[in-house]
Protein chains: 2
Amino acid sequence: MVKAEQSPEQSMAAEERILKAATTIFREKGREGARMQEIADAAGINKALLHYYFRSKDLLFERVFIESARLFFSRLNEILQSERDIFQKITQLCDAYISLSVENPFIPVFIIGEMNHSQDIFISKMFTATQTRPDFSIFREQLQAAAAEGMIRPVAPHHLIMNILGLCIFPVIAKPMMQFNMGIGEKEFIAMMEERKRLVPELIISSLKIEKK
Amino acid sequence: MVKAEQSPEQSMAAEERILKAATTIFREKGREGARMQEIADAAGINKALLHYYFRSKDLLFERVFIESARLFFSRLNEILQSERDIFQKITQLCDAYISLSVENPFIPVFIIGEMNHSQDIFISKMFTATQTRPDFSIFREQLQAAAAEGMIRPVAPHHLIMNILGLCIFPVIAKPMMQFNMGIGEKEFIAMMEERKRLVPELIISSLKIEKK
DNA sequence: GTCTATATATGGATAGAC
DNA sequence: GTCTATCCATATATAGAC
């Protein structure tokens with residue numbers, strides 16, 4: 001515990017503590033709601049050190065946002081471009097995004113909020129930085145092939161992806177509404193989301209298989 | 001144009017202009033992102049007058065939030081408690097919430113964001129003020145009756161409502177993500193949401209009718 | 001690298017004239 | 001009711017000692 005030393009580990013520790021604290025607070029309160037003082041307190045250092053390491057609130061925010069967006073979107077790409085068939089991919093996507101949202105309930109609200117509050121130019125820049133722009137080409141071809149074979153009915157990829165993400169993520173961001181408007185408690189909510197890991201893939205897949213009209 | 005007069009109409013006009021401007025700006029930027037100066041500018045008056053009419057930013061925000069929440073949640077109640085059967089109600093809910101979200105794209109993000117950023121006590125107070133707490137009893141009974149008759153398979157109301165709202169609202173709040181991550185332009189987005197007025201009820205209703213297992 | 005102290009800017013709110 | 005001018009608290013950011 002030789003605290004006087006200025007070892008690289010000490011330096012790293014402070015920088016990481018700041019980043020960890022900033023991540024928590026930005027995600028919970030958003031860019032505008034977060035306070036540098038609060039981040040400093042949570043990191044156990046003072047405001048001056050924040051600026052020493054990250055120069056400004058905007059830059060610190062960018063770091064947090066990019067990392068959050070990467071965490072959120074990288075799974076999408078991984079699953080879409082794997083070697084699995086469409087049904088496995090759908091099941092994996094549901095499981096991944098329900099788990100991700102339940103375990104990090106602030107991330108979806110954070111990303112959605114900031115994306116809707118920022119200028120297009122900023123969002124574009126952030127996305128380029130995350131390097132997670134998903135490639136739908138493989139998935140699209142799989143869907144077309146399956147439709148051509150009569151295995152499923154034709155479906156536009158963006159509709160399908162929105163269906164999956166909406167069904168998996170929306171309940172998490174609407175949780176307060178469910179609490180106050182529908183009387184769903186914490187335990188019921190957890191149970192409900194667990195049920196949805198089974199219900200949502202079933203719903204999505206059955207809708208593809210039905211021969212209607 | 002006798003501007004010197006202090007008629008009640010003049011007074012009303014200013015108050016309403018403020019409320020209109022505040023509504024727009026709070027919805028777009030959120031409670032923390034909104035600036036009283038900006039609201040004053042948009043209303044064509046100065047900051048002092050904001051406080052004259054609404055006392056504080058918090059009170060002005062409450063007015064806007066309550067009115068927005070009322071607009072958003074009142075449709076839910078209306079439809080759930082109407083005399084229609086469950087299939088008509090589902091179709092109406094989809095149509096209503098797609099239209100509402102497309103026409104007022106900031107409202108869902110606004111309500112969701114503020115509900116996730118506020119204390120439970122505040123949210124609770126706001127909801128009491130809106131007087132729009134939905135009553136699911138009729139809808140629940142209808143679902144149970146239909147299931148008992150074998151018309152549909154059993155389904156929990158809160159799952160069903162989340163499915164509907166998620167499928168209708170999520171694409172709107174995820175619009176920036178679709179733009180930058182999936183290359184969906186403004187025209188494609190509008191067309192997509194129009195398609196969903198047909199696709200979503202079809203998806204929901206078919207999932208209820210299927211006899212699986 | 002880390003701190004204390006301080007500069008600077010900004011935003012919400014009030015005082016007081018008209 | 002409406003304005004200008006100003007106060008005051010808070011927030012980001014910097015200077016400079018250690």
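Remember, predicted model here, so these are calculated numbers, not experimental data. Residue numbers begin at 1 in each chain, while the letters A, B, ... track the order of the sequences.
- In this structure, the CG atom of B/Leu60 is 15 Å from the C1' atom of C/dG11, given to the nearest Å.
- A donor-acceptor pair under 3.5 Å is formed between the side chain of B/Asn116 and the backbone N or O of B/Ile112.
- Judged by distance alone, with hydrogens and angles left aside, the side-chain atoms of B/Asn104 form no donor-acceptor pair with the main-chain N or O of B/Phe106 at under 3.5 Å.
- The pair B/Lys29-A/Glu32 fails the salt-bridge criterion, with no side-chain N (NZ, NE, NH1 or NH2) lying under 4.0 Å from an Asp/Glu carboxylate O.
- Without hydrogens or angle criteria, B/Ser118 side chain to B/Met115 main chain gives no donor-acceptor distance under 3.5 Å.
- B/Ile45 comes within contact range of the sugar-phosphate backbone alone, with a heavy-atom separation under 4.0 Å but no base atom that close.
- For the helix from C/dG1-D/dC18 to C/dC18-D/dG1, the terminal axes (five pairs an end, C1' atoms, rotation from four pairs onto the next four) enclose an angle of 10°, given to 10 degrees.
- With rounding to whole Å, B/Asp58 atom CG is found 16 Å from C/dG11 atom P.
- Within residues 23-32 of chain B, no residue has any heavy atom closer than 4.0 Å to DNA chain D.
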Mind running side chain to side chain contact (heavy atoms under 4.5 Å, CB included) on B/Val64 and B/Ile25 for me, showing each step along the way?
CA-CA 10 Å; B/Val64 170; B/Ile25 289 169; over 6 Å; no
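- Protein atom OH of B/Tyr53 is 18 Å distant from nucleotide atom P of C/dA13, rounded to whole Å.
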Give each protein N/O atom lying under 3.5 Å from an N/O atom of nucleotides 6-11 of chain D, with the pair distance.
{"unit_1": "D/dA11", "atom_1": "OP1", "unit_2": "A/Arg35", "atom_2": "NE", "d": "3.0"}
{"unit_1": "D/dA11", "atom_1": "O5'", "unit_2": "A/Arg35", "atom_2": "NE", "d": "3.4"}

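- Taking atom CD1 on B/Ile18 and atom P on C/dA13, their separation rounds to 14 Å, with Å as the unit.
- Regarding B/Leu50, its CG atom lies at a distance of 11 Å from the C1' atom of C/dA13, rounded to whole Å.
- Using a distance-only test at 3.5 Å, with no hydrogens or angles considered, a donor-acceptor pair links the side chain of B/Glu114 to the main chain of B/Arg31.
- Of the possible polar contacts, one joining the B/Gln142 side chain to the B/Arg84 backbone as a donor-acceptor pair under 3.5 Å is found.
- Rounded to whole Å, atom P of D/dG1 lies 12 Å from atom CZ of B/Phe54.
- C/dA13 atom C1' lies 19 Å from atom CZ of B/Phe61, rounded to whole Å.
- Sorted by first then second residue, the ring-ring contact (aromatic ring centres under 6.0 Å, His included) pairs that include residues 114-135 of chain A, not counting sequence neighbours, are A/Phe73-A/Phe127.
- Positionally, the nearest nucleotide of DNA chain C for A/Tyr52 lies more toward the 5' end than for the other of A/Ala48 and A/Tyr52.
- In this structure, the nucleotide among D/dT2, C/dA13, D/dT14 sitting nearest to the side chain of B/His51 is C/dA13.
- A donor-acceptor pair under 3.5 Å is absent between the side-chain atoms of B/Asp135 and the main chain of B/Ile138, judged by distance alone.
- Between A/Asn46 and the phosphate of C/dT2, there is no side-chain N or O to OP1/OP2 separation shorter than 4.0 Å.
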Only distances under 3.5 Å count here; give the side-chain donor-acceptor pairs of residues 163-170 of chain A to other protein atoms, sequence neighbours excluded, each with its distance to 0.1 Å.
{"unit_1": "A/Asn163", "atom_1": "OD1", "unit_2": "B/Arg196", "atom_2": "NH1", "d": "3.1"}
{"unit_1": "A/Asn163", "atom_1": "OD1", "unit_2": "B/Arg196", "atom_2": "NH2", "d": "2.6"}
{"unit_1": "A/Asn163", "atom_1": "ND2", "unit_2": "A/His159", "atom_2": "O", "d": "3.4"}

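- Taking atom CG of residue B/Leu49 and atom P of nucleotide C/dG16, one finds them 18 Å apart after rounding to whole Å.
- A salt bridge links A/Glu194 to A/Lys197: one of the charged nitrogens lies within less than 4.0 Å of a carboxylate oxygen.
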For residues 176-193 of chain B, which side-chain donor-acceptor pairs fall under 3.5 Å, sequence neighbours excluded?
{"unit_1": "B/Glu186", "atom_1": "OE1", "unit_2": "B/Lys175", "atom_2": "NZ", "d": "2.9"}
{"unit_1": "B/Glu186", "atom_1": "OE2", "unit_2": "B/Lys175", "atom_2": "NZ", "d": "3.2"}
{"unit_1": "B/Glu188", "atom_1": "OE1", "unit_2": "B/Gly185", "atom_2": "N", "d": "2.9"}

